[in-house]
Number of protein chains: 2
Amino acid sequence: MKSIPKISETEWEVMRVLWGKSPLAAGEIIEALVAKDQSWHPKTAKTLLNRLVKKRALGYDKEGRAYFYRPLVREADCAMAESESFLDRVFGGSLRPMLAHLVERKKLSPAEIRELKRLLEGKE
Amino acid sequence: MKSIPKISETEWEVMRVLWGKSPLAAGEIIEALVAKDQSWHPKTAKTLLNRLVKKRALGYDKEGRAYFYRPLVREADCAMAESESFLDRVFGGSLRPMLAHLVERKKLSPAEIRELKRLLEGKE
DNA sequence: TACGATAAATTACAGATGTAATCGAAAAGC
DNA sequence: GCTTTTCGATTACATCTGTAATTTATCGTA
């Protein structure tokens, strides 16, 4: 059973790049990050890559000079872990109050509501 | 527009006590925390109370020796803020993938599913 | 082969967090 | 009134995070 390392807010952005496509060299990852958000600094990105490797959320294959990173954990598993932690913390572990809350407070578009309904169709 | 302070994981447990009932004296809060989880240390709880006051998430009325704490922010507002941050980080800001994910991965009970459906009824 | 460009490793540093211990003042008991 | 107990205030300290800069090893080039 591989345990899911705790991934911080900014680390998630890095992971998302690699989940989208991997393996990638550090330079390519940084490019992708900067593309999404101008304010990313290469050095910062490198630090995060190192930390994620240390946490064993990423692995890499080195080819001479360059490292090619790839995820060691699946996005779905991380999402699951985060969801659990979030639900416990904020809504006492239960999905219903959260949905109720979001439906009330966020203005969901009619399209979104139909979408959610469709998701639940067929289930049960 | 009062901004919502960022409340950490353990701080949430403290806040939840006060949201449940307030004002309460430090001692009563600590009692409640220990009741839920034996491993709470009084000193730790006190530290968190201070930090929450500093963050302006809690206020207090002092009556002689004792302080009576009460929330300065509403649970619903904090829940909202956390939800936003969580959705952005993990599911790219959108509710649908999260629901999809939870419906797939967590086995929602039929009762829960009906409940969710009912929630969406009438909306739209 | 020495030199400059690169990429990775190491170091930096402040603020947040988890987890308390210690100090100080006030209240309560002797 | 002096002492002990209590409660709040201050201090401690390691780890995690965000955000980089500096140092070192390496590769291609002159």
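Keep in mind it's a predicted model, so treat the numbers as computed, not measured. Each chain gets a letter, A, B and so on, in the order the sequences are listed, and its residues count up from 1.
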Give a yes/no answer on whether the side chain of B:Lys6 brings an N or O atom under 4.0 Å of OP1 or OP2 in D:dG18. no
For nucleotides 9-15 of chain D, give me every protein contact, N/O to N/O, under 3.5 Å, one pair per line with atom names.
from, atom 1, to, atom 2, distance (Å)
D:dA9, OP1, B:Tyr67, OH, 2.9

Output the rounded distance in Å from CD (A:Glu9) to P (C:dT17). 11 Å
Can any side-chain N or O of A:Ser83 pair as donor or acceptor with the backbone N or O of A:Ala79 at less than 3.5 Å? yes
Going only through I, L, V, M, F, W and Y residues with side-chain contacts under 4.5 Å, is there a path from B:Val53 to B:Val73? yes
Atom CD of A:Glu63 to atom P of D:dC27: distance rounded to whole Å? 13 Å
Are A:Leu116 and A:Ile113 linked, directly or through intermediate hydrophobic residues, by side-chain heavy-atom contacts shorter than 4.5 Å (ILVMFWY only)? yes
Determine: side-chain N/O of A:Lys55 to OP1/OP2 of D:dT17, distance under 4.0 Å, yes or no. yes
Nearest 0.5 Å, what's the CD1-CH2 distance between B:Ile7 and B:Trp12? 6.0 Å
Worked verdict on A:Arg16 versus A:Glu75 for side chain to side chain contact (heavy atoms under 4.5 Å, CB included): CA-CA 8 Å; A:Arg16 210 190 315 275; A:Glu75 178 167 21; 4.2 Å; yes
Please examine the side chains of A:Glu82 and A:Ile4, heavy atoms only from C-beta on, and report whether any two atoms are closer than 4.5 Å. no
Whole-Å distance separating the NZ atom of A:Lys54 from the P atom of D:dT17: 12 Å
With clusters defined by side-chain heavy atoms of hydrophobic residues (ILVMFWY) lying less than 4.5 Å apart, directly or transitively, does B:Leu72 cluster with B:Leu58? no
Is there a side-chain polar atom (N or O) of A:Thr10 under 4.0 Å from OP1 or OP2 of D:dT19? no
To the nearest Å, how far apart are B:Trp12 CH2 and C:dT17 C1'? 17 Å
Can you find a side chain N or O atom of A:Thr44 that sits less than 4.0 Å from OP1 or OP2 on D:dG18? no
d(CZ, B:Arg89; C1', D:dG18) in whole Å: 15 Å
Find every protein N or O atom lying less than 3.5 Å from an N or O atom of nucleotides 26-28 of chain C, and list the pairs.
none

Surrounding CZ of A:Arg74 (heavy atoms of other residues, nucleotides or ligands, distance under 6.0 Å), is the total greater than 12? no
Side chain of A:Ala26, heavy atoms from C-beta onward: which of D:dG18, C:dA8, C:dT17 has the nearest atom to it? C:dA8
Any chance you could lay out the side chain to side chain contact (heavy atoms under 4.5 Å, CB included) test for B:His101 and A:Met80, step after step, and finish with the verdict? CA-CA 8 Å; B:His101 180 76; A:Met80 201 62 198; 3.3 Å; yes
Taking CG from B:Leu48 and C1' from C:dT19, how many angstroms apart are they, rounded to a whole number? 9 Å
Bend angle of the helix from C:dT1-D:dA30 to C:dC30-D:dG1 from five-pair axes at both ends, rounded to 10°? 30°
Joint hydrophobic cluster, B:Phe91 plus A:Phe86, side-chain heavy atoms closer than 4.5 Å: yes
Answer with yes or no whether the hydrophobic clustering places A:Leu120 together with A:Met98; edges join I, L, V, M, F, W, Y residues whose side-chain heavy atoms lie under 4.5 Å apart. yes
From CD1 of A:Ile30 across to C1' of C:dA8 the rounded distance in Å is 11 Å
If I take atom CG in residue B:Asp37 and atom P in nucleotide C:dG18, what distance separates them, rounded to the nearest angstrom? 14 Å
Taking every heavy atom of B:Ser8 against every heavy atom of B:Lys55, the minimum-distance pair comes out as N-NZ, 4.2 Å
For B:His41 and C:dA21, is the shortest distance between a side-chain N/O and OP1 or OP2 below 4.0 Å? yes
